[in-house]
Amino acid sequence: MSAHAVYDALHAAYGPQHWWPGDTPFEVMVGAVLTQNTGWVNVERAIDNLKANGALDPYTILDVDPQQLAGWLKPSGYFNVKAQRLRNLCRWYLAHGGHEGLSEWDTTRLREGLLSVNGVGKETADDILLYAFARPVFVVDAYTRRIFSRLGLVAPEIDYESLRGWFETELGTVDGATRVFNEYHALIVNHGKDVCRPKPRCAECCLKRRCAGFT
DNA sequence: ACCCAGGGTCATA
DNA sequence: TATGACCATGGG
């Protein structure tokens, strides 16, 4: 089974996902940090708090008392850590001209820049690259490794960059790649939430429900 | 009560 | 390079 075939099966089962949930590129960046090891429902509450207080912009986030910021982030968990991480990201973001300035950077430079921010790791950086800057970067998360290793397509212990490379090679970096990567990662998360837990109830728990191509 | 979440950093060996 | 501790709220 190829990466293409899995994509087709997921797309047939779940349909278009319309990701990322968020109205602006900056909101996507904030969400990418807040969703680290955290359910999206909790992230939405935190983002709503920021919106309700007129704080969903980098200037305000840097201006307000860090404790105040942490208070708004509380529902998303790790609120002290995430308040600091958001501040780090905003400082870097504004220092390089915000979305307008950073849009002129090539993808490699932009990725390294994001990774230089304390609190932004590979997945968070790639979320931002793909969903805030529309770059053709495949996002790998825990579900991705779990699903594709259980399918027998990759080794369970494959590292992040190798797995990202596997997808980007399999799917090709021709035009339309950004659209496909966008949809694919969203489908993987959706399917993962559905049936691919760390401790499967049965040997084939990733491959069954609601995914005709996997049965 | 238990497991889990759209991770990442830091200290230690 | 590779583990382990730590961060913390809320859903199922």
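Basis for what follows: all heavy atoms, side chains included, without hydrogens, waters or symmetry-related copies. Predicted, not measured: the structure shown is a model, and the values here were computed from it. Per chain, numbering begins at 1; letters A, B, ... match sequence-line order.
- Comparing B:dG7, C:dT9, B:dC4 by their closest approach to the side chain of A:Lys74 singles out C:dT9.
- Among C:dT9, C:dG11, B:dG7, the nucleotide with an atom closest to any side-chain atom of A:Arg45 is C:dG11.
- Put simply, A:Arg146 has a side-chain N or O that comes within less than 4.0 Å of OP1 or OP2 on B:dA5.
- The CD atom of A:Gln36 sits 13 Å away from the P atom of B:dC10 (whole-angstrom rounding).
- Residue contacts for A:Thr124: at a heavy-atom cut-off of 4.0 Å it reaches the sugar-phosphate backbone alone, with no base atom in range.
- Ring pair A:Phe167/A:Phe148 is perpendicular by interplanar angle, where above 60° counts as perpendicular and below 30° as parallel.
- Whole-Å rounding puts the A:Arg197 CZ to B:dC2 P distance at 18 Å.
- Using bins of under 30°, 30° to 60° and over 60° for the plane-to-plane angle, the ring pair A:Trp19/A:His185 lands in the perpendicular bin.
- Base-pair partner of C:dG4: B:dC10 (Watson-Crick or G-U wobble, both distances under 3.5 Å).
- For A:Glu161 and A:Arg111, the salt-bridge test passes: some basic side-chain N is under 4.0 Å from an acidic carboxylate O.
- Note: CG (A:Leu73) to C1' (C:dG10) measures 15 Å, nearest angstrom.
- Put simply, CD1 on A:Ile128 is 13 Å from C1' on B:dG8, counting in whole angstrom units.
- Nucleic acid contact class of A:Gly39 (heavy atoms, under 4.0 Å, all strands): base.
- Contacts of A:Val139 with the nucleic acid, taken as non-hydrogen atoms under 4.0 Å apart, are absent.
- Using P as the reference atom, B:dG8 and C:dG10 are 22 Å apart when rounded to the nearest Å.
- Nucleic acid contact for A:Asp127: none, since no nucleic acid atom lies under 4.0 Å from a heavy atom of the residue.
- Here the side chain of A:Tyr184 pairs a donor or acceptor atom with the backbone of A:Ala3 at under 3.5 angstrom.
- Nucleic acid contact class of A:Lys193 (heavy atoms, under 4.0 Å, all strands): base.
- Separating the CD atom of A:Gln84 from the C1' atom of B:dC10 is a distance of 15 Å, rounded to the nearest angstrom.
- Summarising the geometry, atom OH belonging to A:Tyr143 is positioned 11.0 Å from atom NE2 belonging to A:His191; distances are rounded to the nearest 0.5 Å.
- Contact annotation: A:Asn42 does not reach the phosphate of B:dA5 (side-chain N/O to OP1 or OP2, under 4.0 Å).
- At a threshold of 4.5 Å between non-hydrogen side-chain atoms, the residues A:Asn182 and A:Tyr131 count as touching.
- Taking atom CG of A:Asn118 as the reference point, atom P of B:dG7 lies 18 Å away to the nearest angstrom.
- The shortest distance between the side-chain N/O atoms of A:Tyr78 and the OP1/OP2 oxygens of B:dA5 is not below 4.0 Å.
- Between the P atom of B:dG8 and the CG atom of A:Asp159 lies a distance of 14 Å, rounded to the nearest Å.
- Residues A:Val117 and A:Thr38 both approach DNA chain B. Their nearest nucleotides, taken by heavy-atom distance, put A:Thr38 toward the 5′ side.
- At the heavy-atom level, A:Val81 lies under 4.0 Å from the strands shown only through sugar-phosphate atoms.
- In this structure, of B:dC4, C:dT9, B:dG7, it is B:dC4 that holds the atom nearest to the side chain of A:Pro198.
- The nearest whole Å value for the distance from the CZ atom in A:Arg87 to the P atom in B:dG8 is 21 Å.
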